[in-house]
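To keep things clear, I will list the structure first and then write my remarks on it.
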Amino acid sequence: MLATDNGYSDAYAYKPVATAAENGGAPTDAQGMPQLGVGAVAPYGTDPYAAQYGQPPAAHGCDSELKGIAGIIFTWLNILLVFVPLGIYSHLQEWSCAARFSLNFVAIVPLAAILGASTECLAGHTGQMIGGLLNATFGNAVEMIVTVNAIRSGLVTVVQGSLLGSILSNMLLVLGMAFFAAGVVTKESHFSAAGASANMTCLTLGSIALALPTIFNSLDGTTEQDVLNVSRISSVVIGSVYVMFLVFQLGTHAHLFGGEEEEEEAPTVSACSSILLLLGATLLVAVNSEFLVDSIEGVTEEYGLPGAFIGVILLPIVGNAAEHATAVTVAAKGKMDLALGVAIGSSTQIALLVVPFSVIVGWFCDVPMSLDFRIFDTTVMILSVFITGSALQDGASNWLEGAILMSIYILIAIICWFIPDESQ
């Protein structure tokens, strides 16, 4: 068929003939279809129809979807997935408490990584606000699941310790390692001081929310029910503030948290596959965490491992191992705002979301889970927020600040090892 003077091929064609210039310089046939020679590439990929009509190519298909799923599952960290069935088997066969605790402890680490990766992919298919809500919710899914199982078992002290430990590990250990790694590569790293200040203000609120019920409980005439009522009302207030913080961070003042401009990567898997991965990982985390919690009391009694050390130091490593590696890696690459978003952002989520969530769960399960933490816990929380805020206020970091933050975390871990259990 030949093109006519009006630019159309003939009566049966309905699209204008694309010229060579419109096809990025590629030669065309009589119908205007690109004729790709050796080494020639169509402007929008390899689909000639997409090149002619100015449309992006069709979806990658099944092969690309499988590659995306494989990229999430088959990583060096996910070698530890072999411990998932081992942890379940150890519980069913009633192995020793130490074996069950160790196997299920390690099993949750790769599952947390899969949870985080699938959540990010699912968030990529939604808007910014919905994506932020997804990351806030499922990004702390491991902590929430462990919290629910521990509360159901009545391990209130372990829950309080693990929540405090998650905040401290992100705020001191992870941030300190990120500062140190960046300081080894470059003399000084810079980040958004305004965004860091907003997070630290929220963490200050979280520390006050823990301190006030603890102080209230020391007053004469107060009862356990009074402390519970104060904690439950305070949890509603804290949760409301976190919702406002999300609006602030993702909506009205998003520019404060942007940092260096980076090209957003397209999701590697579809929304459906992301949901399936999310549900599968969540189910396995629920199973392994339940078996992990069931073995805690036995490990404490039989092997003398302090309960405070398990709650404040060991359990937070389970849900945050993947985030720890991410923060340090991106900090070494000079992306300090992203590292802060992982470290300080996670601490903020736990303080304003997971902590009040745990109190509400205890309310529904009729377990006396309150914000009345130990004096030691609240003091450590307040002092840690103070020192971290001091390190972030100038919008710059160096390796010495990182070493100091890590040293503070080590001091806290040493003291937790020597804290006697309540039963003693």
Side-chain angles (χ1 to χ4, degrees), residues 115 119 123 126-152 156 159-168 170-171 195 197-217 225-254 257 282 316 319-320 323 341-373 377-378 381-382 384-385:
L115 266 175
T119 300
T126 64
Q128 186 181 31
M129 181 63 73
I130 301 300
L133 290 172
L134 287 172
N135 279 311
T137 304
F138 291 101
N140 295 292
V142 174
E143 287 87 349
M144 289 182 172
I145 293 172
V146 172
T147 293
V148 171
N149 288 328
I151 288 177
R152 289 170 53 196
V156 174
V159 172
Q160 292 176 333
S162 66
L163 294 177
L164 174 68
S166 295
I167 297 173
L168 296 179
N170 282 293
M171 189 166 49
S197 176
N199 275 289
M200 294 311 300
T201 302
C202 290
L203 284 172
T204 302
L205 168 64
S207 62
I208 292 176
L210 296 184
L212 292 180
T214 304
I215 298 173
F216 174 75
N217 191 33
Q225 187 61 42
D226 293 334
V227 177
L228 282 176
N229 292 335
V230 169
S231 299
R232 291 163 181 173
I233 297 173
S234 300
S235 296
V236 175
V237 175
I238 299 172
S240 302
V241 172
Y242 184 70
V243 173
M244 290 187 283
F245 174 70
L246 283 180
V247 176
F248 181 87
Q249 182 183 33
L250 302 175
T252 61
H253 291 71
F257 302 87
T282 302
N320 298 323
E323 293 180 349
V342 174
I344 302 301
S346 296
S347 295
T348 302
Q349 290 175 358
I350 295 168
L352 300 189
L353 176 65
V354 184
V355 170
F357 169 80
S358 65
V359 175
I360 301 302
V361 170
W363 191 359
F364 281 100
C365 295
D366 197 23
V367 175
M369 173 65 194
S370 70
L371 297 178
D372 176 20
F373 285 37
D377 294 343
T378 55
M381 177 72 173
I382 293 174
S384 299
V385 170

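We number each residue from 1, following the sequence as shown.
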**Report entry** Check against side-chain contact (heavy atoms from CB on, under 4.5 Å), Leu205 and Val241
**Finding:** CA-CA 9 Å; Leu205 168 64; Val241 172; 3.5 Å; yes

Query raised in the report: Going through the distances and angles, do Leu353 and Met144 end up as a side-chain contact (heavy atoms from CB on, under 4.5 Å)?
Result: CA-CA 10 Å; Leu353 176 65; Met144 289 182 172; 3.8 Å; yes

Query raised in the report: Where do Phe357 and Val148 land on the side-chain contact (heavy atoms from CB on, under 4.5 Å) test, with the steps shown first?
Result: CA-CA 9 Å; Phe357 169 80; Val148 171; 4.0 Å; yes

Report task. Check step by step if side-chain contact (heavy atoms from CB on, under 4.5 Å) holds for Asp377 and Thr214. Result -> CA-CA 10 Å; Asp377 294 343; Thr214 304; over 6 Å; no

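Taking CG of Leu163 as the reference point, atom CG of Leu210 lies at 9.0 Å (rounded to 0.5 Å). Here the OG atom belonging to Ser207 is positioned 12.0 Å from the CZ atom belonging to Phe373, to the nearest 0.5 angstrom. Going from atom CD1 of Ile151 over to atom SG of Cys365 covers 6.5 Å, rounded to the nearest 0.5 Å. Distance check, rounded to the nearest 0.5 Å: OG1 of Thr147 to CD of Gln160 gives 11.0 Å. Rounding to the nearest 0.5 Å places CZ of Phe216 at 10.0 Å from OG of Ser234. Within the model, atoms CE of Met381 and OG of Ser347 stand 7.5 Å from one another, a figure rounded to the nearest 0.5 Å.
Test Ile238, Val230, Asn217, Leu212 against Leu371 for side-chain contact (heavy atoms from CB on, under 4.5 Å) and you get one pass: Ile238.
At distances below 3.5 Å, not a single donor-acceptor pair connects side-chain atoms of Glu143 with backbone N or O atoms of Val355.
At a threshold of 4.5 Å between non-hydrogen side-chain atoms, the residues Val354 and Ser166 do not count as touching. Two residues are said to be in side-chain contact when any heavy atoms from C-beta on lie closer than 4.5 Å; Ile344 and Leu203 meet this criterion. For the pair Val385/Met200, a side-chain contact is recorded, criterion being any heavy-atom separation below 4.5 Å from C-beta on. With a 4.5 Å cut-off on side-chain heavy atoms, Asn199 and Phe245 count as touching. Between Val361 and Met369 there is no side-chain heavy-atom pair separated by less than 4.5 Å.
Across Ile382 and Ala211, no two heavy atoms sit closer than the pair CD1-CB, 4.0 Å. Residue Pro356 comes nearest to Ala351 through the heavy atom pair CD-O, 3.7 Å, listed as atom of the first residue, atom of the second, then distance. The heavy-atom pair separating Ser231 from Asp372 by the smallest distance is OG-N, 4.3 Å. Taking each heavy atom of Thr348 and Cys202 in turn, the nearest pair found is CG2-CB, 3.7 Å.
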